[in-house]
2 protein chains.
Amino acid sequence: MQSLKTADEMEVAFGQQLRELRLRRNIDQRQLAGQAGVALNAVKNLENGKGATLTSLVKVLRALERADWLETLAPTVEISPMQLLKTRQQRQRASKQRGPTHA
Amino acid sequence: MQSLKTADEMEVAFGQQLRELRLRRNIDQRQLAGQAGVALNAVKNLENGKGATLTSLVKVLRALERADWLETLAPTVEISPMQLLKTRQQRQRASKQRGPTHA
DNA sequence: ACTTAGTAGACCTAAAATAGTCTACTCATA
DNA sequence: TATGAGTAGACTATTTTAGGTCTACTAAGT
């Protein structure tokens, strides 16, 4: 077992965090929706984990001034400029998959 | 001006991070889709910032073992147990909005 | 305790995403 | 450089979400 929560549960938990951010600013869902440029229902869906689009999430995060969070997903690998010259560029594709046990 | 990128641009940049995570594992989109339990198109949408659902994102993050990231959105406010007794419970709603300049 | 603002839930229509399949392009590797 | 795996893009059908509105419930303020 790796993840304790189901995907659905995680969406709900995530929505609670969104709500937390909103409440810290003490604005209601209607205001947030207005500032984010989305429908009130979109905010409801997000906060209640009912299913939402990534677009709505991004707009809401911008309104909450937490859009920077989106950039913290993939920790950037630091490479020294000198190394950059030697190293070949980053992969753009996954490499060929080897057949299971050669077969 | 607050955010440098538009919402669309942010989705694209976010998709690039997702791709980065996948490439580090050296798996292709098809495999990731399979492991995540979503359609190949869903992964494409996510990585290319074409628009996707939060549900798809969560499933993909689980497959990438980065689901924990979802819990880092709202920094939890620490309160000492003693303080908890005194403090009144957290807000569950936004407070009444005051009319603009009393009017 | 009363009142009312804030939120949940249901309903509808339009818009958008998912899933599945096929074609075309291109990076990686032999 | 020739081959083929990996990805993008288009297409259709189906499912889901956005957006708008209305009703009901409930936490907050008075």
Side-chain angles (χ1 to χ4, degrees), chain A residues 7-8 11-12 14-63 87-100 102-103, chain B residues 7-8 11-12 14-63 87-100 102-103:
Chain A
D8 279 342
E11 267 196 66
V12 172
F14 182 72
Q16 293 175 336
Q17 290 185 79
L18 273 177
R19 165 165 298 170
E20 180 66 26
L21 288 181
R22 175 176 61 81
L23 290 179
R24 287 181 192 170
R25 307 197 123 212
N26 194 40
I27 57 177
D28 61 34
Q29 296 175 331
R30 187 178 310 277
Q31 286 176 298
L32 178 56
Q35 294 175 19
V38 299
L40 173 57
N41 278 337
V43 173
K44 286 183 184 176
N45 285 343
L46 277 169
E47 292 194 358
N48 294 315
K50 297 296 184 182
T53 59
L54 193 57
T55 303
S56 294
L57 173 59
V58 170
K59 288 180 181 175
V60 165
L61 285 178
R62 282 164 59 93
T87 309
R88 66 157 162 261
Q89 62 179 351
Q90 296 234 6
R91 298 202 70 77
Q92 299 184 31
R93 299 184 174 190
S95 62
K96 189 188 310 185
Q97 307 297 324
R98 35 175 172 281
H102 141 278
Chain B
D8 279 343
E11 267 196 66
V12 172
F14 182 72
Q16 293 175 336
Q17 290 185 78
L18 273 177
R19 166 165 298 169
E20 180 67 24
L21 289 182
R22 175 175 61 81
L23 290 180
R24 286 181 192 171
R25 307 196 124 214
N26 194 40
I27 57 177
D28 60 33
Q29 296 176 333
R30 187 179 309 278
Q31 286 176 299
L32 178 56
Q35 294 175 20
V38 300
L40 173 57
N41 279 335
V43 173
K44 287 183 185 176
N45 285 343
L46 277 169
E47 292 194 359
N48 293 315
K50 297 295 184 183
T53 59
L54 191 58
T55 303
S56 294
L57 173 59
V58 170
K59 289 180 179 174
V60 166
L61 285 177
R62 282 165 60 93
T87 309
R88 65 156 161 261
Q89 64 178 353
Q90 296 234 6
R91 300 201 67 78
Q92 298 183 33
R93 299 184 175 190
S95 63
K96 188 188 309 186
Q97 307 296 326
R98 32 174 174 281
H102 138 282

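Throughout, a chain's letter reflects where its sequence line sits, starting with A, and its residues are numbered from 1. Computed over heavy atoms, backbone and side chain alike; hydrogens, waters and symmetry mates excluded.
- Within the 3.5 Å criterion, the main-chain N or O of A:Lys50 finds no donor-acceptor partner in the side chain of A:Asn48.
- In this structure, the CG atom of B:Asn26 is 11 Å from the C1' atom of C:dA28, given to the nearest Å.
- D:dG6 atom C1' lies 13 Å from atom CG of B:Leu32, rounded to whole Å.
- Look at NZ on B:Lys44: it is 20 Å from P on C:dA16, rounded to the nearest Å.
- Looking at B:Asn41, its side chain comes within 3.5 Å of the base of C:dA19 through a donor and an acceptor atom.
- Atom-to-atom distance recorded for A:Lys59:NZ and B:Glu11:CD is 9.0 Å, nearest 0.5 angstrom.
- Side-chain N/O atoms of B:Gln29 include none lying less than 4.0 angstrom from OP1 or OP2 on D:dA5.
- Note on A:Asn45: only backbone sugar-phosphate atoms sit closer than 4.0 angstrom, heavy atoms only; bases stay farther off.
- Close to D:dT16, at under 4.0 Å from its OP1 or OP2, lies no side-chain N or O of B:Thr55.
- Applying the 4.0 Å criterion to OP1 and OP2 of C:dT18, one finds that B:Thr53 has a side-chain N or O inside that range.
- At whole-Å resolution of the value, CG in B:Leu54 and P in D:dT17 are 10 Å apart.
- For A:Asn48 and B:Ser56, each mapped to the nucleotide of DNA chain C holding its nearest heavy atom, the one lying further toward the 5' end belongs to A:Asn48.
- Evaluated for a side chain to side chain contact (heavy atoms under 4.5 Å, CB included) with A:Leu57, the options A:Val38, A:Leu46, A:Asn45 yield exactly one hit, A:Leu46.
- For A:Arg30, no side-chain nitrogen or oxygen approaches OP1 or OP2 of D:dG19 to under 4.0 Å.
- The residue among A:Lys50 and B:Arg93 whose nearest nucleotide of DNA chain D is located toward the 5' end is A:Lys50.
- In this structure, CG of B:Leu57 is placed 17 Å from C1' of C:dA16, rounded to the nearest angstrom.
- Listed nucleotides: C:dA19, C:dT18, C:dA28. Nearest to the side chain of B:Ala52: C:dT18.
- The backbone N or O of B:Ala36 lies less than 3.5 Å from no partner atom in the side chain of B:Arg62, so there is not a single donor-acceptor pair.
- Going from atom CG of B:Leu23 over to atom C1' of D:dA5 covers 14 Å, rounded to whole Å.
- Remark: the backbone N or O of B:Asp28 is paired with a side-chain donor or acceptor of B:Gln31 at under 3.5 angstrom.
- In this entry the distance linking CZ of A:Arg91 with P of C:dA28 reads 6 Å, nearest Å.
- Across the protein-nucleic acid pair, A:Leu40 atom CG and C:dA10 atom P stand 15 Å apart, rounded to whole Å.
- For the pair B:Arg19 and D:dG6, the criterion of a side-chain N or O lying under 4.0 Å from OP1 or OP2 is not met.
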